[in-house]
A.B. asks: 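Submitted below is the structure of interest, expressed as structure tokens.
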Amino acid sequence: MNPITRRGLIRGGVAAVAGVAGLAAADRLAKRYGLIPPDGRGIYGPGETLTYACQRLLTTRTPAREFSRSMISKNPFANAVAPPNDAFKRLAAGGFRDWRLVVDGTVAHPMSLSLADLKGLGLHSQITEVACEEGWSYIAEWIGTPLSGVLREAGVLPQTRYIVYTSTEEGEWESIDMQDASDPHTLLTMGMNDGDLPVPFGGPLRLRLPRQLGYKSVKYVNRITATDNIKKFGKGLGSVDPEYGYSWYAGI
Amino acid sequence: MSPSFTAAFPATAELVGGRQSARTIHFFATWLLLLFLFVHVAMVALSGFSKRMRAMITGYTRDREEGQ
């Protein structure tokens, strides 16, 4: 080992300053290009930011994986959900004719849409995979109308940065950035495998987001709120999941 | 496997036979790596733990019979 030299000290100092300056520059760039997720603070914040920023840079504008019809799972797994509340039971008894999807927030025309209204916006189908954080997965055909069409109808204002979506299940809400919201695969799903979407799979209305883990595909969606300030919702972490230690961005 | 990354690079998933077979391969690969680790730590312990640790950290060994 060489003793500490003046030259070595200077070299180390310059490297340290360059490192700190580089980090500061990276932080400013990330902020400017929207590469910091709502849960990008706290102990795990830097990790969340690194994942989100890398994935946004690497996987931008790549469509979700679609599968062939023969790969549709024979026995899809419906994850257990909380028992439906009374309001949900009443709506179910009426065949969900009175189900409404409220669209509000930073939109030009706040709306309240029935399932028939949603179907009237044009149905699309996709054969994509649900991949759960717990490890299980299945492939199904999903039929519905893209979220982007609903947002176009409502006239999303240009300052909008996130779309918050809420379930009829107590305390269940999520949000996505505008890139995911405008993805044609982000589907307000009403049908599954050529039938109506069954209640255990999120019927009558589930927001499917095939490029992220299953918990982002919230079941029983009844409200969509466009916003320019995600900090106003819940604890300001972008969804309820980061409050329990899950990632807001679940592209993983 | 990341649903977003495999969307961008589907070959990474197809190469290992899809998500579920990737998980199976990952499971056994993890055990093999752990087995490798335990066996090698055991070998260090059996051949004289402090002697081997000293050699690893300093790059030298003090034992004349080993140091040649």
Side-chain angles (χ1 to χ4, degrees), chain A residues 1 37 47-48 50-68 70-77 126-139 142 176-177 179-180 183-186 208-217 247-252, chain B:
Chain A
M1 282 290 283
E48 301 293 346
L50 190 64
T51 305
Y52 180 61
C54 286
Q55 294 231 4
R56 275 288 166 262
L57 295 174
L58 273 176
T59 68
T60 300
R61 304 269 171 248
T62 49
R65 277 181 93 200
E66 293 204 53
F67 300 84
S68 66
S70 62
M71 290 177 78
I72 290 176
S73 306
K74 299 283 179 294
N75 296 304
F77 177 61
Q126 61 186 37
I127 299 172
T128 53
E129 188 176 47
V130 174
C132 180
E133 163 109 331
E134 293 169 343
W136 49 269
S137 63
Y138 63 87
I139 293 167
W142 307 93
I176 45 176
D177 60 16
Q179 200 170 103
D180 274 325
D183 188 317
H185 281 93
T186 302
R208 278 282 298 132
L209 200 69
R211 292 203 317 169
Q212 295 200 36
L213 290 177
Y215 66 81
K216 292 292 277 194
S217 291
S247 296
W248 170 80
Y249 178 72
I252 298 298
Chain B
M1 305 193 85
S2 150
S4 182
F5 188 81
T6 51
F9 306 98
T12 54
E14 275 148 25
L15 217 65
V16 287
R19 166 181 302 274
Q20 292 304 332
S21 79
R23 295 185 66 223
T24 308
I25 294 167
H26 189 272
F27 179 83
F28 288 110
T30 306
W31 277 111
L32 281 176
L33 276 173
L34 277 176
L35 193 69
F36 177 91
L37 177 78
F38 290 141
V39 166
H40 283 78
V41 170
M43 281 160 73
V44 169
L46 288 174
S47 62
F49 188 77
S50 53
K51 219 190 303 180
R52 291 268 77 85
M53 290 309 286
R54 188 162 56 234
M56 273 188 250
I57 292 165
T58 65
Y60 297 100
T61 173
R62 261 191 275 171
D63 307 85
R64 192 161 295 158
E65 62 273 26
E66 282 194 5
Q68 302 303 315

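Chain A is the first sequence line, chain B the second, and so forth, proteins listed ahead of strands; every chain is numbered from 1. Only heavy atoms go into these numbers, but all of them, side chains included; no hydrogens, no water, no symmetry mates. It should be emphasised that the depicted structure is a prediction, and the values quoted were computed from it without experimental measurement.
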A.B. asks: Which bit of A/Gln55 comes within less than 4.5 Å of chain B, counting heavy atoms only: side chain, backbone, both or neither?
C.D. replies: side chain

A.B. asks: Heavy-atom distance under 4.5 Å to chain B: side chain of A/Glu66, backbone, both or neither?
C.D. replies: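 Contact with chain B: none, neither part.
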
A.B. asks: Without swapping roles, check the side chain of A/Lys216 against the backbone of A/Pro210 for a donor-acceptor pair under 3.5 Å.
C.D. replies: no

A.B. asks: Which residues satisfy the side-chain contact (heavy atoms from CB on, under 4.5 Å) test with A/Ser73, sequence neighbours excluded?
C.D. replies: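 By the side-chain contact (heavy atoms from CB on, under 4.5 Å) rule, A/Ser73 matches A/Tyr138, A/Ile139.
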
A.B. asks: At their closest point, which heavy atom of A/Ala131 faces which heavy atom of A/Ser137, and how far apart are they?
C.D. replies: CA-CB, 4.0 Å

A.B. asks: Once rounded to the nearest 0.5 Å, what's the spacing between atom OG of B/Ser4 and atom CZ of A/Arg65?
C.D. replies: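 Answer rounded to 0.5 Å: 12.5 Å.
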
A.B. asks: With rounding to the nearest 0.5 angstrom, report the CZ to OG distance, A/Arg211 to A/Ser217.
C.D. replies: 12.5 Å

A.B. asks: Just to verify, what does A/Ser70 make a side-chain contact (heavy atoms from CB on, under 4.5 Å) with, not counting sequence neighbours?
C.D. replies: A/Ser68

A.B. asks: Is there any residue in residues 12-43 of chain B with a non-hydrogen atom under 4.5 Å from a non-hydrogen atom of chain A, and which ones are they?
C.D. replies: B/Ala13, B/Glu14, B/Arg19, B/Gln20, B/Arg23

A.B. asks: Answer with side chain, backbone, both or neither: which region of A/Tyr249 has an atom nearer than 4.5 Å to a non-hydrogen atom of chain B?
C.D. replies: side chain

A.B. asks: List in chain and number order the residues that pass side chain to side chain donor-acceptor pair (under 3.5 Å) with A/Glu133, two or more places apart in sequence or in another chain; answer none if no residue qualifies.
C.D. replies: none

